[in-house]
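Following: one structure in structure tokens, then a few remarks.
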Amino acid sequence: MKAIMTIFKKELKGFVFSPGFLLICGITTAILSLKYFEGLYLFAESLNNRMMMGGVNQKAMNIHYGVFFGHLSILNLILIFAVPALTMKLLSEEKKMKTYDLLLTLPVTSAQIVIGKFLAGLFSLLAIISLALLYPAFNRMFAEFSWPMLIVAFLGIFLVASFYVAMNLFCSALTESAIVAFVLAVILNVSVWLVGSAVQVVDSSTARQVFEHISLSQHMSSLIEGTIRTSSLIFFLSVIAFFVFLTERVVEASRWR
Amino acid sequence: MIEVKNLTKSYGPNLAIDHLSFKINKGEVVGFLGPNGAGKSTTMKIITGFMSPSSGQALVGGIDVFENPIEVKRKIGYLPETPPVYGDMYVQDYLRFVAELKGVSAEKLASSVDYAIEKTNLQGVRKRLIQNLSKGFKQRVGIAQALVSDPEVLILDEPTVGLDPKQVAEIRDLIQELKGKHTIILSTHVLSEVQATCEKIIIINKGKIVAEDTIKNLATRRSGLLKINLKIKKLEPHLAQLLATVDGVKRVDPGESATEWKIETTLGEEMIEKLAQLVIQKQLGLLEISSEKQNLEEIFINLTYGSAAEKREKKELNL
């Protein structure tokens, strides 16, 4: 446990003080600022129109759908690229700079190394997600909405982000080059969203059920609606654990080559 | 302290090390010598638990490296070929990080870091980013890292690479200082370094041990022949014939000047006494008599490249 904390603290410190991290935070805020207020403006406008025309659609009147959903989608899009940028160096750089030799000859297990690094990635992401949470929080000053629903939606995006971190850490473990790790990670991050599309394509009902279960968008949309399903939680936790496990295996396997 | 039994590491059909066995006692300083690609680093990596062997066993302090790697790694300080430093960390933070992972207790952390910094003369740069340091300083940070937990065993892979002569001397002194308290293995191809610091050397070539002995023993042995240098005052052209009559003298060659002679004998050091007596009896004016110690470089080249050189000679003769 102590070893995990030591590695976690070192990596987190490395993140926080690296210009790359600050740059990612900066770009995230810039994009979110543009898109959030655009969303807010469009939402207000459509509210006005509907009120004048009558026949209001319930869903469209809801700020959770009208604004927050778009906000989180943009955040997700940013994360697809930001998480690989953050995690690409976590293990590949160790190999390149030969500090891997040090880590693997210190009295720590591969699992401790991987979990420490995973947690550091997770916490630095928490910072980016908290940045995104500031926007709705400011909104609260002039609009009423329910907090719990928003929190659950952010929990959803956090779970997705953790999934990215686990998967991208795995990519970083595979190669010596940070660039290769980045490209591989982005491809994987994008492709997990494509799996959901298979639901529309396949004919067999069993296959459709399988794809529904592993489709990220299915799990995500229920969380954005504010419902926590145990199946979603189990899905996210198991894929995260799976990729952390795979990463641990890759690190351990380097001893056997 | 360290025992290696039948260690083999193969990469496909290539054997990096081939059934290596040796034993190192507690407190010994052992030099690992060998040409490039002989398997020095591989052996060290296996002992530190960084790599696994294809077969064989490595024990540190009686503990098998592969059955209980964590326990073994606690005892070892390891400096790999490239200093394993994080460029974005400050020297003292880095040493603290390593010490923490090595399991140094919280109260002792600060003193351990100070100890390593002091031993490697890093006081001036302790608050600087490692990436801004020169190669020599990085190397010293790497050595400090190996020392920081005060481990029982130090494994240093080419510790003096990239250092200037003064720093090399400092590291040598440091190793002398650590002698006895720590068991040290160091690999190098700088022979004078081994001569200055190690008690025992292991020479490996193509994954096999070709010599394992103390420096003294290695220096005096050479296919059972002892070489004696003789310097006299008088010019005596017939000395060669005279000396050849002495029992045990195998060959007499003229030396660098007319009054110097090189004598090869099959007997031990008592020959020096015999020859000295003879020279004094004949009143030739004995100026110098000494047994020639083969230097380490010669031994090294003989043992590693020797066979190749002989082959080349044979080839030339055939032509």
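Numbered from 1 within each chain, the chains take letters A, B, ... in sequence-line order. Values below: every heavy atom of this structure, side chains too, minus hydrogens, waters and symmetry copies. For clarity, every value in this text was computed on a predicted model and none was experimentally measured.
- Of residues 110-123 of chain A, no residue lies under 4.5 Å from chain B by any heavy-atom pair.
- Residue A:M97 holds its CE atom at 8.5 Å from CD of B:Q131, rounded to the nearest 0.5 Å.
- The environment of NZ in B:K23 is sparse: at most 12 heavy-atom neighbours from other residues, nucleotides or ligands sit within 6.0 Å.
- The closest side-chain heavy-atom distance from A:E94 to B:Y86 is below 4.5 Å.
- For residues 163-181 of chain A, heavy-atom neighbours of chain B at less than 4.5 Å comprise no residues at all.
- When each of A:T109, A:L104, A:D101, A:I7 is scored by its heavy-atom pairs under 4.5 Å with chain B, the top score falls to A:D101.
- Few gaps surround CZ on A:F158; more than 12 heavy atoms of other groups in view lie less than 6.0 Å from it.
- Taking CZ of B:F97 as the reference point, atom NZ of A:K13 lies at 11.0 Å (rounded to 0.5 Å).
- What you find for A:Y100 and B:F50 is that their closest heavy atoms are O-CE1, 4.0 Å.
- Taking CD of B:Q145 as the reference point, atom OG1 of A:T99 lies at 10.5 Å (rounded to 0.5 Å).
- A 4.5 Å side-chain heavy-atom check between A:L102 and B:Y94 finds at least one atom pair inside the cut-off.
- Other residues, nucleotides and ligands place no more than 12 heavy atoms under 6.0 Å from the NZ atom of A:K35.
- Heavy-atom neighbours of chain A within the stretch residues 98-128 of chain B, taken at a separation under 4.5 angstrom, comprise B:V98, B:E100, B:L101, B:K102, B:V104.
- Rounded to the nearest 0.5 angstrom, B:D88 CG and A:F15 CZ are separated by 10.5 Å.
- Annotation: residues 63-81 of chain B contacts chain A through B:I70, B:K73, B:R74, B:Y78, B:P80 [non-hydrogen atoms, separation under 4.5 Å].
- Atom NZ of A:K89 is surrounded by 12 or fewer heavy atoms from other residues, nucleotides or ligands within 6.0 Å.
- Atom CG of B:D93 and atom NZ of A:K9 lie 11.5 Å apart (nearest 0.5 Å).
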